[in-house]
There are 2 protein chains.
Amino acid sequence: MKTTIYDVAKTAGVSVSTVSKVLNNTGSIGEKTKLKILDTIRKLEYQPNVVASARKRLQTIGFMMPSIANPFMAEIARVIEDYGRQHGFSLIICSTDNDPEREKEYISILREKYIDGIIIGTGLLNDKSIKKIIESNIPVVMLARDVPSLAVDAVFVDDFLGGFQAASYLIELGHEKIAMITEDLKISPARKRVEGYRKALEEAGIKYDEKLVIQNNVTYNDGMLASEQLLKVPSPPTAIFASTEALAIGAIKRVRELGLRLPEDISIVGFDNTMFGQMFDPQITTIAQPIYDMGQKVMELLIEEINEPKKVKQRIVMTPELVVGGTTAKKK
Amino acid sequence: MKTTIYDVAKTAGVSVSTVSKVLNNTGSIGEKTKLKILDTIRKLEYQPNVVASARKRLQTIGFMMPSIANPFMAEIARVIEDYGRQHGFSLIICSTDNDPEREKEYISILREKYIDGIIIGTGLLNDKSIKKIIESNIPVVMLARDVPSLAVDAVFVDDFLGGFQAASYLIELGHEKIAMITEDLKISPARKRVEGYRKALEEAGIKYDEKLVIQNNVTYNDGMLASEQLLKVPSPPTAIFASTEALAIGAIKRVRELGLRLPEDISIVGFDNTMFGQMFDPQITTIAQPIYDMGQKVMELLIEEINEPKKVKQRIVMTPELVVGGTTAKKK
DNA sequence: ATGAAAGCGCTAACAA
DNA sequence: TTGTTAGCGCTTTCAT
């Protein structure tokens, strides 16, 4: 049988409430009593049961995202986990594959389990579900996703600027025919990145060409296919901006298979800057999200919100940064 | 205020125990009462509070590993999460960096939180801590790690065989001077891989040379340094077996920077076969761990153990498999 | 088939 | 400073 607070109380010859006070550092207790209790706790190897006290929450938060197998999410999960642990929180992972059904299921599970807060980094989640969480008074922070219509804390990079930076850099290198491979445009970050890309083109006097934007890609295999589609035409683009790292890598592989030289014949820019992109050979030129800062900030907001719910919510927009690797070069 | 079982009972005009029975499908209830209760539950949007019932556990398991940012662990976490969810379990991640202090801390946290079970995929964990968990009757399954001295369920690949396969393949290709880059040999999988590598060499009549085994490497940067150390000598090896994918990638990068051609001048074999290795260009020749099967099996064992603790424990050894990519070639 | 009531392990308000 | 006791939301005997 597991040791309970009653066992400790009995062995130490005091009442449970006294033990409880020692445990939680509340009320006032005599020095000797405290020492004696602490001692019996050690002797009995007593471990308080966090679950039992219904009013206390579980010191656990949920992290909803497309998939923990996605390097960007895994890396940010690591940051969130660390920061959380330092403040006494555990992390439950919830991979949704952007499936609304799965999202609803997870929200329901998290509510049942009396989670203290939720980080939402998943894509298609319809606003209704989010509203429900907020209404049920569970602290929420959005990660890498903006929901302008909702009063909710959020941390994300300026995706528009990221898209703008990527295209601008390619334009600077002399490229004029610049294609884009992107995820589903219903996902807000992807859409913003395309908008930024478009803006950069137009400012440079290059006409935006819908045919050069290949949509609805997710895996690196999609990146390969999209890249093939773009390149196997007369007068293909000389540069590609891929809205994720996986897509960039897929594109690169196909480029090479087609016998084109990288970066001499074609330049490629990615997004995220995870270990994947950094370890790739050559390192991928990419628009970096500040993973560490984002993870840190998102937990900071969530913990604040857990400790004392605020009326005024914050939306924190971070700046993406161009990291030049070896996948881009001046246009010949 | 959150809806409780009492609200449901009152609204439906029955007692809480009746509602409880409906909720858990226990006892016998009249068809109409059942329907009425189910109906009010829906109307009130009642969500049972899993936490409240102290005898029920939380339907949550903990996954201890070096880091969720490690692709192998992230991919296997995804499998575990999925399988767990299908059986009603949530997953808490615990990244330890193989630090014994952190491991102890996490074990304590998991116990407090009344976790139902723990998967241990972390490295240096001293046997004492594991023993403690087992003694406290928390179901445990070891992942990718063998502890011969302990009666505990475990799932892992035959690391010895993996090392043997890697070296054998390189020998088959005509290589004779084969180096190895590996993690800390105190970590059992790494040690086993070296033993297998050694065995293959010796069987082929090649003398095992300690100087060709560079130890204590973790990051891909370590892989770069080790590879440089190996290659910047007179008559360097013509093949390298790296005990993880990150090390292999580091080695590859350095090889190229040194102006050597891959795989013409030097062959490299990795371990794991994660998306990292598959997406790399060229795809890395590697010893694949059956990630999907391992994740599935580990959860299967854990759930069995949670449902009814068994006297007899199982150790399931899976077979690694050589996956030939583009980083290996016949010796010139 | 249904309900009353006793726990589960802990916290917090209130007494002493 | 310490102890008594009433909950927290739910499950589970044991009656009815």
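Proteins come first, then strands; the chains are lettered A, B, ... in the order of their sequence lines, and each starts at number 1.
Look at CD1 on Ile5(B): it is 14 Å from C1' on dA4(C), rounded to the nearest Å. In this structure, Glu112(B) places its CD atom 11 Å from P of dT11(C), rounding to the nearest Å. Separating the CD1 atom of Ile41(B) from the P atom of dC10(D) is a distance of 10 Å, rounded to the nearest angstrom. What separates NZ of Lys36(B) from P of dG3(C) is a distance of 9 Å, to the nearest Å. Following rounding to the nearest Å, Leu58(A) (CG) and dT11(C) (P) show an atom-to-atom distance of 13 Å. Look at CG on Leu44(B): it is 14 Å from P on dG9(D), rounded to the nearest Å. Atoms OH (Tyr6(A)) and P (dG3(D)) sit 13 Å apart, rounded to a whole Å. What separates CD1 of Ile37(A) from P of dT1(D) is a distance of 13 Å, to the nearest Å.
Of all the heavy atoms in Lys34(B) and Ile29(B), the pair that sits closest is CD-CD1, 4.2 Å. A pairwise comparison of heavy atoms in Arg102(B) and Ser95(B) identifies NH1-O, 3.3 Å as the closest pair.
Minimum atom distance to the side chain of Ile29(B) is reached by dT2(C), of the listed dT2(C), dC10(D), dG3(D). Side-chain proximity of Lys21(B) to the nucleotides dG9(C), dA5(C), dT2(C) is greatest for dT2(C).
Between dT4(D) and Ser15(A), no contact under 4.0 Å exists linking OP1 or OP2 to a side-chain N or O. Residue Tyr46(B) places at least one side-chain N or O under 4.0 Å from the OP1 or OP2 atom of dC10(D). When the side-chain nitrogen and oxygen atoms of Thr18(B) are compared with OP1 and OP2 of dT2(C), none of them lie within a distance under 4.0 Å. For Thr33(B) and dT2(C), the shortest distance from a side-chain N or O to OP1 or OP2 is below 4.0 Å. Phosphate proximity of dT11(D) to Asn24(B): present, with a side-chain N or O under 4.0 Å from OP1 or OP2.
For a distance-only test at 3.5 Å, the side chain of Ser17(B) qualifies as a donor-acceptor partner of the base of dA4(C).
Across all strands shown, Ser20(B) has heavy atoms under 4.0 Å from base atoms, whether or not it also approaches the sugar-phosphate. Using a 4.0 Å heavy-atom distance criterion, Ser28(A) is classed as a base contact.
A salt bridge links Glu300(B) with Lys297(B): the distance from a Lys NZ or Arg NE/NH1/NH2 to an Asp or Glu carboxylate oxygen falls below 4.0 Å.
The CZ atom of Phe89(B) sits 4.0 Å away from the CD1 atom of Ile306(B) when rounded to the nearest 0.5 Å. Going from atom CD1 of Ile92(B) over to atom CD of Glu81(A) covers 10.0 Å, rounded to the nearest 0.5 Å.
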